[in-house]
Amino acid sequence: MNVIEVKDLRKEYGNVIAVDGISFEVRSKEIFSLLGPNGAGKTTTVEIIEGIRNATEGTVKIFGKSMDAHIKEKIGVLPQEFQSFERLTVRETLIYFSRLYKKCGNIDEIISIVGLKEKENELYKNLSGGQRQRVGVAVSLVGNPELVFLDEPTTGLDPAARRGLWNVIKKLKEDGKTVFLTTHYMEEAEYLSDRVAIMHNGKIISIGSPKELIEKYGEKTRIIISIKDKLIEIETEEDEIPELIEKIRRDGTKYDRIEIKRANLEDVFLKLTGARLK
Amino acid sequence: MNLKAIYGDIQASIKNWYRNKAALFWTFAFPILLILIFGEIFSGGNEPYIIYIQDMDNSMASHLFVENMSHINIIKVKLIDSSKNIEEYAKEHAAIQIPKGFQDSIIYGKKCNLTLYLDPSKQEINSAIKSFLISVIGEMNLKISNATEVIGYEEKYVTGNNFNYIDFFIPGIIGMTVMTSAIYGSIEINVKYKKRGLLKKLLTTPMKRSEWIFSKMIYQLIINFLSTIVIILVGMVAFNMKASFNFMVIVIIASASFAFTGMGMIISRFVNEEETADSAASAVNFPMMFLAGTFFPIEMMPHFLQVFAKILPLYYVNEGLRNAMIYHNFHASILNTTIITIFAFIVFLIGSLITDWKEP
Ligand SMILES: Nc1ncnc2c1ncn2[C@@H]1O[C@H](COP(=O)(O)OP(=O)(O)O)[C@@H](O)[C@H]1O
Ligand SMILES: [Mg+2]
């Protein structure tokens with residue numbers, strides 16, 4: 001079943017065409033990512049779906065309907081660059097937002113999911129960037145939503161903080177929630193998503209699971225063996241790799257190192273657009 | 001209406017407010033400081049007592065009396081023309097009327113009374129003035145007739161504008177504080193919340209816009225009534241102000257809160273950066289504060305500024321509060337209240353209509 005259905009969506013800001021006729025759907029209980037560089041039109045797209053902006057053209061169905069008060073009970077949103085109330089503690093912030101919903105999640109549980117147990121009585125303004133983003137994610141969970149929107153949740157975080165948030169997002173899927181993620185980090189989309197829509201200049205240029213996209217557009221996986229100052233490259237299929245390496249061992253070839261080069265979504269993007277993601 | 005959400009929003013706003021030292025300063029400490037400083041400067045403890053004298057006799061005897069009064073060091077005599085209505089003057093300061101035929105009475109040894117006009121609420125001043133008058137009269141009687149009482153006096157009481165500067169000043173400070181907190185509070189929400197993505201976030205929650213505006217207004221009213229009460233208490237304790245807190249005062253403060261919140265919304269609509277929004281707010285706030293009769297009566301300003309002052313909403317708030325709290329001038333306060341209420345309704349409506357709740 002589809003949780004979101006977007007059809008022929010267009011958005012113009014004056015002369016700027018931010019979203020240029022896109023269609024896609026998000027399936028129940030998957031992590032779906034919009035991946036694209038800054039200015040691709042990702043935020044505009046999610047904000048139209050969330051009901052914050054009006055579309056110029058096209059339709060958006062969410063749980064099969066147009067946005068209304070009932071649907072707002074079932075979604076949780078982390079807007080891009082969200083900053084909460086400076087002088088409320090983490091716990092107070094979550095209580096504040098939970099009161100806006102009819103049914104709400106267990107605050108203690110949410111605090112521990114996002115790993116802020118030690119900081120729950122700290123004022124928001126005293127938190128680090130990573131902790132603030134976790135509060136943002138936590139805030140999007142207090143209504144116990146079926147569908148969670150996270151717009152660039154890890155932008156500006158250091159690698160450790162980013163990893164931490166990735167685990168939180170994985171956990172949401174395990175809890176049976178649908179996650180709509182927006183990111184310009186290729187590794188993030190690849191690591192987290194069941195399906196990715198690659199967006200560029202307001203258009204979706206390809207959509208599918210990371211694996212499908214890489215298989216379709218990426219270079220084949222290669223094994224690169226360096227012997228002295230010679231490089232030998234062998235193109236191979238993923239499932240043949242163990243066998244190949246075993247064979248090199250058995251032959252007794254003296255090599256300096258073996259490297260496996262797999263294509264990633266960055267390569268897919270490059271192939272499709274001729275541009276880099278970042 | 002989701003009361004749980006409204007209650008939560010009010011509670012959060014209040015917490016966010018009392019943990020903000022700058023906000024506390026501007027709502028409490030700043031007005032209190034102003035009251036203490038200005039109140040002290042203008043309450044003027046050692047000024048001479050002013051006495052108006054109206055001489056209806058214009059004779060040697062009456063001139064002698066005026067001269068004797070003037071000789072008392074701490075009395076400052078001001079003469080009133082005999083054509084004026086002495087009771088008007090007596091509303092401000094004590095006044096003595098020397099009756100026509102004063103000198104003749106003395107000559108014929110017939111008893112003659114001066115009339116002393118007093119304001120019953122100024123007890124200390126009254127007793128001082130009476131004792132000066134008695135000693136002057138006594139001396140004159142002694143010289144004239146060996147202590148038979150030829151010259152006497154009778155007291156008349158006039159209740160009038162027996163108000164000091166502090167009575168004028170404190171309603172102005174209340175008006176100023178309500179205005180400042182409403183304009184800046186409104187800008188905080190409409191500009192800063194917007195920048196932080198909080199407005200976007202709230203749009204995606206089930207809370208309705210009307211519930212949200214409602215809770216913000218309740219919050220603003222709580223803050224404004226709180227600071228009003230504190231200001232009145234300071235005035236009463238430090239300067240013995242006699243103010244009454246009545247229904248009209250409540251209506252004026254509530255209307256003023258709406259009016260200035262609406263003005264804040266309108267300002268926010270045109271300036272999106274926090275700093276420019278703050279400067280724009282100050283550009284509205286400060287001139288209005290000085291020109292609308294907060295610190296001194298607008299009658300002290302040049303005529304064209306007086307005309308200008310009368311188009312400022314704060315002027316009607318200040319005047320309304322004075323009439324309702326201090327002067328007990330019910331009719332005038334109703335007029336002021338009506339003006340400010342209508343203004344509040346229009347401005348708040350415009351503010352709500354032009355505010356971009358959705359993103360473009
Ligand atoms: N409020 C706005 N007014 C005008 N142009 C906008 C506005 N918001 C976004 N844009 C433009 O629309 C395009 C897409 O922006 P956005 O949806 O924010 O992209 P992304 O989230 O992928 O970085 C950009 O060119 C951006 O400059
Ligand atoms: Mg974006």
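Throughout, protein chains are lettered first and strands after them, A, B, ... in sequence-line order, and every chain is numbered starting at 1.
Between A:Glu81 and B:Arg196 there is no salt bridge, since none of the side-chain N atoms of the basic residue sits less than 4.0 Å from a carboxylate O of the acidic one. Remark: B:Arg19 engages A:Glu92 in a salt bridge, criterion side-chain N to carboxylate O under 4.0 Å.
Only the side chain of A:Leu123 comes within contact range of chain B, judged by heavy atoms closer than 4.5 Å. Using a 4.5 Å cut-off between heavy atoms, A:Tyr101 touches chain B through backbone and side chain atoms alike. Using a 4.5 Å cut-off between heavy atoms, A:Tyr96 touches chain B through its side chain atoms alone. Heavy-atom distances place no part of B:Tyr18 under 4.5 Å from chain A, backbone and side chain included. Neither the backbone nor the side chain of A:Thr44 comes within less than 4.5 Å of any heavy atom of chain B. Heavy-atom distances place both the backbone and the side chain of B:Asn16 under 4.5 Å from chain A. Neither the backbone nor the side chain of B:Glu211 has a heavy atom closer than 4.5 Å to any heavy atom of chain A. When heavy atoms are compared at a cutoff of 4.5 Å, B:Leu202 approaches chain A solely by way of its side chain, counted from C-beta outward. In this structure, chain B has no heavy atom under 4.5 Å from any part of A:Phe149. Residue A:Lys11 touches chain B through its side chain alone, counting heavy-atom pairs closer than 4.5 Å.
Across every non-hydrogen atom of B:Leu198 and A:Ser84, the tightest pair is CD1-C, 4.1 Å. For the residue pair A:Pro79 and B:Gly197, the shortest heavy atom distance occurs at CG-O, 3.9 Å.
Atom NZ of A:Lys7 sits in a sparse spot, with 12 or fewer heavy atoms from other residues, nucleotides or ligands closer than 6.0 Å. Within 6.0 Å of NZ on A:Lys103 lie more than 12 heavy atoms contributed by other residues, nucleotides or ligands. No more than 12 heavy atoms of other residues, nucleotides or ligands shown are found within 6.0 angstrom of OH on B:Tyr7. In this structure, B:Phe214 places its CZ atom where only 12 or fewer heavy-atom neighbours from other residues, nucleotides or ligands lie under 6.0 Å away. Summarising the local packing, NZ of B:Lys216 is surrounded by more than 12 heavy atoms from other residues, nucleotides or ligands at distances under 6.0 Å. Atom CZ of B:Phe345 has 12 or fewer heavy atoms from other residues, nucleotides or ligands within 6.0 Å. The environment of NZ in A:Lys102 is sparse: at most 12 heavy-atom neighbours from other residues, nucleotides or ligands sit within 6.0 Å.
In this structure, A:Thr89 OG1 and B:Lys15 NZ are separated by 7.0 Å, a value rounded to the nearest 0.5 Å. To the nearest 0.5 Å, atoms CZ (A:Phe97) and OG1 (B:Thr205) are separated by 7.5 Å.
For B:Lys201 (side chain) and A:Val77 (main-chain N/O), a donor-acceptor pair under 3.5 Å exists by modelled atom type.
Just one of A:Met67, A:Lys72, A:Glu50, A:Glu47 meets the side chain to side chain contact (heavy atoms under 4.5 Å, CB included) condition when paired with B:Thr204; it is A:Glu50.
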Go through A:Gln83 and B:Lys192 one step at a time and tell me if the side-chain contact (heavy atoms from CB on, under 4.5 Å) criterion holds.
-> CA-CA 10 Å; A:Gln83 296 280 308; B:Lys192 298 186 185 166; over 6 Å; no

